[in-house]
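Notes for the one structure printed next.
Letters A, B, ... mirror the listed sequences (proteins, then strands); counts begin at 1. Just so it is clear, the model here is predicted, and its values are computed rather than measured. The analysis underlying the following values was restricted to heavy atoms, covering all of them including side chains, and did not include hydrogens, waters or symmetry mates.
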Amino acid sequence: MGRFDVPDDGTQQPLEQLIANRVAKLEALRELGVEPYPARYRVETSITDVVARWKDADAAALEEARPAVRLAGRVRAIRGHGKAAFVDLNDGATRIQLHVRKDRLPENDWAVFKLLDLGDFAGAEGVLFRTRTGELTVAVERLSVLAKALRPLPEKYHGLADREARARQRYLDLVANPESRRVFEIRSRIVAALRRFLGEHGFLEVETPMMHPIPGGATARPFVTHHNALDLDLYLRIAPELYLKRLIVGGFERVFELNRNFRNEGISTRHNPEFTMLEFYWAYADYELLMEFTEAMLTAVAEEAVGSLTLPWGEGTIDLSRPWRRLTLRDAILAYSDLEEADLADRAAMESAARRLGVERIEERSDGKLLAELFEVTAEPRLIDPTFIIDFPRDISPLAKSSPSDPDTVERFELFVGGMELANAYTELNDPAEQRRRLEEQARRSGGTVDEDFLLALEHGMPPTGGEGIGIDRLVMLMTGRQSIRDVILFPLLRPREGE
RNA sequence: GGGCCGUUAGCUCAGGUGGUAGAGCAGCGGACUUUUAAUCCGCGGGUCGGAGGUUCGAAUCCUCCACGGCUCACCA
């Protein structure tokens with residue numbers, strides 16, 4: 001409103017001039033009796049369909065068949081030739097060329113063509129033929145404008161490069177950069193393949209609360225919101241884990257949830273405040289079985305989504321072929337550093353090793369946290385091909401069952417690929433008394449509230465269970481070769497621009 | 001939050017050591033009925049992210065601010 005009422009006195013800003021040109025054409029269309037935003041334009045085939053159907057037909061075959069088509073899409077290029085022109089029309093995925101000729105179009109349609117701009121949506125009816133250069137082309141007989149674009153699109157050749165603009169105005173990124181569109185097509189295929197694989201293996205998809213009275217299942221800082229009618233603070237979930245386990249108690253033996261988690265932490269190339277997690281719980285399974293299952297599932301997904309088990313990653317590649325390597329947390333540290341067994345033997349040795357490696361705030365970290373920290377600075381960034389890291393310290397795994405042979409170690413693994421943590425899984429702790437001790441200890445150590453309702457559920461009996469979480473955004477990064485999580489989330493969180 | 005780097009026309013980018021901003025695409029006008037980064041002729045378009053400062057003079061040097069990128073921290 002008011003935005004386009006710019007005075008035509010030569011004082012306009014450049015973008016305003018471009019917009020004013022288009023508005024003038026829009027008004028000219030209306031004067032011709034043409035509605036620039038018609039309510040509908042029925043098409044039975046997309047450009048993609050038509051090109052797929054006729055791409056191999058030669059000129060003679062097309063001359064014979066004279067296929068009549070009716071197509072709609074966005075105008076991406078106009079190559080004028082006086083009383084004729086070539087127009088590229090794109091349905092988002094596929095481009096087709098139109099040939100318009102003044103002597104073949106109704107007078108009004110030619111007038112409409114003259115008022116078309118790059119970026120407008122248009123509809124065309126005509127007959128397919130091949131040009132002198134062999135390109136499949138529509139000889140247009142009727143032309144319609146379907147929606148006038150008032151602002152110019154990014155440049156056709158270089159696309160949209162500005163990373164901020166690509167994230168803020170994702171629609172422009174998708175129009176201008178086919179490889180960005182491809183990322184989100186693959187993302188959709190990955191999610192569909194995961195759902196299908198889990199369904200085929202007897203898992204039931206469920207939806208548990210996004211708003212939790214007590215945040216649990218992880219230890220990140222939560223986002224807080226408030227329910228007015230109940231006068232109740234609620235927390236956007238940091239993990240669905242404790243609710244999914246309640247369902248195992250309830251007798252759903254295989255459940256999964258694939259949806260958003262929210263963590264009020266920093267933003268990085270691997271962290272977005274809201275991110276997508278697959279969590280699944282499997283009664284009578286343990287972490288060993290989950291490793292087998294994870295290999296099978298993720299290789300099947302890779303085959304289905306990208307058709308390969310070799311993924312380009314940075315300068316190199318990731319090889320997903322099975323079996324995947326397994327390494328204990330301690331062995332991983334030893335393998336990827338010059339530390340020796342003696343450096344991990346006791347607290348004092350670990351502190352000294354950590355100091356040498358530049359770990360900060362050593363004193364305030366628990367033994368387990370310190371070991372995990374040593375892993376993170378030595379091995380994690382170098383685990384490129386998929387590697388299961390097993391045998392985690394109990395004190396950083398409050399929901400995992402202890403190993404029968406060593407009560408200070410739990411039956412847990414994390415999966416690392418491309419130097420990133422991709423999955424976290426364990427044989428679930430189902431002893432309610434032990435679970436209570438662990439949660440109370442955690443609450444004592446780092447604050448927070450014990451989820452009594454969860455313990456109440458456990459006290460009714462949860463079968464032996466394996467559970468796992470897989471970070472979907474990172475999985476998409478791996479399968480699309482993207483090094484930033486912002487490239488695989490359609491609308492990543494950005495600071496609003498001033499005045500917005 | 002810290003460090004480093006960046007922000008120039010609608011888009012993609014140039015603009016040694018300070019001398020008052022350019023190109024391609026897009027746009028506008030003209031020619032052109034098989035082109036495809038169409039071609040040819042002509043034209044318009046900039047508070048150089050913002051605000052201060054240094055200087056005779058700032059896109060360029062300094063300070064602060066905004067936004068972004070990378071990175072560190074936070075994230076068991």
Less than 3.5 Å apart, which donor and acceptor atoms pair up between the side chains of residues 105-113 of chain A and the rest of the protein, not counting sequence neighbours?
| from | atom 1 | to | atom 2 | distance (Å) |
| --- | --- | --- | --- | --- |
| A:D109 | OD2 | A:R142 | NE | 2.8 |
| A:D109 | OD2 | A:L143 | N | 2.9 |

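No engagement by A:F375 is indicated, since no non-hydrogen atom pair under 4.0 Å with the nucleic acid exists. Across all strands shown, A:G80 has heavy atoms under 4.0 Å from base atoms, whether or not it also approaches the sugar-phosphate.
Comparing B:rU35 with B:rA21, their C1' atoms sit 35 Å apart, to the nearest whole Å. Comparing the P positions of B:rG68 and B:rA31 gives an interatomic distance of 48 Å, to the nearest angstrom. Separating the P atom of B:rG49 from that of B:rC11 is a span of 13 Å, rounded to the nearest Å. B:rC41 and B:rU55: their C1' atoms are spaced 45 Å apart (whole Å). Only the C1' atoms considered, B:rA73 is 8 Å distant from B:rG2, to the nearest whole Å. Comparing B:rA26 with B:rU39, their P atoms are spaced 8 Å from each other, to the whole Å. A gap of 26 Å separates the C1' atoms of B:rG69 and B:rA23, to the nearest Å. Straight-line distance between the C1' atoms of B:rU17 and B:rA59: roughly 15 Å, to the nearest whole Å.
Shown here for A:I238 and A:A218, the closest heavy-atom pair between the two residues is CD1-O, 3.3 Å. Listed here is the closest heavy atom pair of A:E279 and A:P240: OE2-CD, 3.3 Å.
Between A:R79 and B:rA38 there is a side-chain polar atom (N or O) within less than 4.0 angstrom of OP1 or OP2. Under 4.0 angstrom from either OP1 or OP2 of B:rG10 there lies no side-chain N or O belonging to A:R151. Between A:R168 and B:rG68 there is a side-chain polar atom (N or O) within less than 4.0 angstrom of OP1 or OP2.
For residues 46-68 of chain A, the side chain to side chain donor-acceptor pair (under 3.5 Å) pairs, not counting sequence neighbours, are A:S46-A:D49, A:T48-A:D91, A:T48-A:T94. The salt bridge (charged side-chain N to carboxylate O under 4.0 Å, His left out) pairs that include a residue from residues 409-428 of chain A are A:K245-A:E428, A:R412-A:E414, where partners are two or more places apart or lie in different chains.
In terms of the side chain to side chain donor-acceptor pair (under 3.5 Å) criterion, A:D431 has no residue partners (sequence neighbours excluded). For A:H271, the ring-ring contact (aromatic ring centres under 6.0 Å, His included) criterion is met by no residue, not counting sequence neighbours. Every residue two or more places apart in sequence or in another chain that forms a ring-ring contact (aromatic ring centres under 6.0 Å, His included) with A:F375 is listed here: A:F416. Residues satisfying the side chain to side chain donor-acceptor pair (under 3.5 Å) criterion with A:E125, sequence neighbours excluded, are A:R70. Under the side chain to side chain donor-acceptor pair (under 3.5 Å) criterion, A:K25 pairs with A:D117, sequence neighbours left out.
Crowding of A:K102 atom NZ: a count of heavy atoms from other residues, nucleotides or ligands under 6.0 Å not exceeding 12. In A:E315, the CD atom is not crowded: 12 or fewer heavy atoms of neighbouring residues, nucleotides or ligands sit closer than 6.0 Å.
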Protein-nucleotides 40-43 of chain B N/O pairs under 3.5 Å:
none

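A donor-acceptor contact under 3.5 Å links the side chain of A:Q97 to the base of B:rU35. Counting distance only, with no hydrogens placed and no angle test, the side-chain atoms of A:R132 and the base atoms of B:rU34 include no donor-acceptor pair under 3.5 Å.
The pair A:D88-A:R76 does not count as a salt bridge, with every side-chain nitrogen at least 4.0 angstrom from each carboxylate oxygen.
Positionally, the nearest nucleotide of RNA chain B for A:D103 lies more toward the 5' end than for the other of A:R495 and A:D103. Ranked by how close their nearest RNA chain B nucleotide is to the 5' end, A:A161 and A:K83 are led by A:A161.
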Q: Sugar-phosphate means primed atoms, P, OP1 and OP2; the rest is base. With that split, encode nucleotides 21-29 of chain B 5' to 3' as B, S or - using protein heavy atoms under 4.0 Å.
A: ---BBSSS-
Q.
Output one letter per nucleotide in nucleotides 70-76 of chain B: B when a protein non-hydrogen atom lies under 4.0 Å from the base, S when only the sugar-phosphate is that close, - when neither is.
A. SS-SBBB
Q. Would A:E441 and A:R444 satisfy salt bridge (charged side-chain N to carboxylate O under 4.0 Å, His left out), going step by step from the backbone distance to the final call?
A. CA-CA 5 Å; A:E441 185 194 337; A:R444 213 170 28 247; 5.3 Å; no
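For A:Y235 and A:H212, the distance between ring centers is not under 6.0 angstrom.
RNA chain B contains the following stems of three or more consecutive Watson-Crick or G-U pairs, with both distances under 3.5 Å: B:1-7 with B:66-72, B:10-13 with B:22-25, B:27-31 with B:39-43, B:49-53 with B:61-65.
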